[in-house]
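Below is one structure, written out as structure tokens, with a few remarks after it.
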Amino acid sequence: LCGRVCLTNMATAEPLVDADTLPVDVQAIVLSIDPEQECQAQATLLAATSLQDMQELAAQQSLTLHANQLTALPENFGQLVALETLRLDENQLSALPDSFGQLVGLKTLRLGKNLLSESFGQLVAVKTLSLHANQVTVLPESFGQLVALQRLTLHKNQFTALPKTFGEPVALETLGL
């Protein structure tokens, strides 16, 4: 049952198909990309992890996907709430799914050497954030919400300005500009 809205079985984190009976718990995911691209992004993600389905992936606390030539992440990536460490560096990601901010338990995030032009600030538990060698021009005002941030790497980007909240992550110990 995927179109611009995808119905997902909450127990398995898998999209429902037309023949499926609706389970008790269903989540509606509004897709920011074409449904075919969404399915391709999920298939590519699963192939890169050598796992069979999103339910197996949802149980992972650490995920290393660097240098896998990923160009997109599926919108249901935000359901991987058990993640604490995520390495997505050295891919070809130009954007992150809207659901990415749901990864609130994430402590280490490596996004260096991608094609990202925007950033995010909802991941309040992140202690280490690497965004080096992307195309980021501005950090969002929500950057100040990264209150646990200790290590930040931003060099080799295209910054035009830093937000007023840039100095607010008081735990910041290391900054690479």
Side-chain angles (χ1 to χ4, degrees), residues 1-23 25-106 108-123 126 129-140 142-143 154 156-158:
L1 298 175
C2 283
R4 293 300 290 168
V5 174
C6 183
L7 296 181
T8 304
N9 184 327
M10 292 288 289
T12 64
E14 292 294 319
L16 297 175
V17 295
D18 290 336
D20 286 344
T21 310
L22 287 178
D25 292 323
V26 175
Q27 179 178 25
I29 299 173
V30 179
L31 303 177
S32 58
I33 59 175
D34 179 85
E36 287 182 28
Q37 290 176 322
E38 176 73 12
C39 290
Q40 180 61 42
Q42 182 168 315
T44 303
L45 175 65
L46 289 172
T49 62
S50 301
L51 296 174
Q52 298 298 312
D53 56 37
M54 291 300 285
Q55 185 176 8
E56 282 184 80
L57 197 54
Q60 303 296 309
Q61 290 183 326
S62 180
L63 193 54
T64 299
L65 294 167
H66 75 281
N68 274 286
Q69 298 182 354
L70 297 175
T71 57
L73 296 174
E75 188 58 45
N76 61 354
F77 196 85
Q79 293 177 353
L80 307 180
V81 293
L83 279 178
E84 293 181 7
T85 301
L86 177 58
R87 286 197 60 189
L88 286 166
D89 45 327
E90 297 184 38
N91 280 291
Q92 298 169 9
L93 297 171
S94 58
L96 299 172
D98 292 338
S99 67
F100 204 81
Q102 296 172 15
L103 303 175
V104 294
L106 205 55
T108 300
L109 177 57
R110 299 194 183 280
L111 289 168
K113 296 185 180 177
N114 276 287
L115 305 170
L116 296 171
S117 59
E118 56 187 58
S119 186
F120 47 86
Q122 306 92 341
L123 305 173
V126 168
L129 176 59
S130 174
L131 285 169
H132 73 281
N134 278 286
Q135 298 173 3
V136 179
T137 57
V138 89
L139 291 172
S142 61
F143 182 81
L154 296 172
K156 294 186 180 178
N157 276 290
Q158 301 171 4

Q: Could you check Gln60 against Thr49 for side chain to side chain contact (heavy atoms under 4.5 Å, CB included), going step by step and ending with a plain yes or no?
A: CA-CA 11 Å; Gln60 303 296 309; Thr49 62; over 6 Å; no
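The structure places CG of Leu93 at 9.0 Å from CG of Asn134, a figure rounded to the nearest 0.5 Å. Atom NE2 of His132 is separated from atom CG of Asn114 by 9.5 Å, given to the nearest 0.5 angstrom. Taking CD of Glu84 as the reference point, atom CD of Gln61 lies at 4.5 Å (rounded to 0.5 Å). Taking OG1 of Thr85 as the reference point, atom CG of Leu106 lies at 7.0 Å (rounded to 0.5 Å). From Asn91, atom CG reaches atom OG1 of Thr44 across 11.0 Å, with rounding to the nearest 0.5 Å. The distance from the CZ atom of Arg110 to the CG atom of Leu129 is 9.5 Å, given to the nearest 0.5 Å.
Here the closest non-hydrogen pair linking Gln79 and Ala58 is O-CB, 4.4 Å. Glu38 and Asn76 make their closest contact through OE2-N, 3.7 Å (heavy atoms, listed as atom of the first residue, atom of the second, distance). In plain terms, the two heavy atoms of Pro97 and Pro74 that are nearest each other are CG-O, 3.6 Å. The minimum heavy-atom distance linking Val81 with Gln102 is given by the pair CG1-O, 3.6 Å. Shown here for Ser99 and Gly78, the closest heavy-atom pair between the two residues is OG-N, 3.0 Å.
At a threshold of 4.5 Å between non-hydrogen side-chain atoms, the residues Leu103 and Phe77 count as touching. Between Met54 and Leu80, some side-chain heavy-atom pair lies under the 4.5 Å cut-off.
Legend: residues meeting side-chain hydrogen bond (donor to acceptor under 3.5 Å, both in side chains) with Arg87, ordered by chain and number and at least two apart, are Asp89.
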Which atom pairs, one a donor and one an acceptor, fall under 3.5 Å between side chains of residues 65-73 and the rest of the protein, sequence neighbours left out?
from: Asn68; atom 1: ND2; to: Leu65; atom 2: O; distance (Å): 3.1
from: Asn68; atom 1: ND2; to: His66; atom 2: O; distance (Å): 3.2

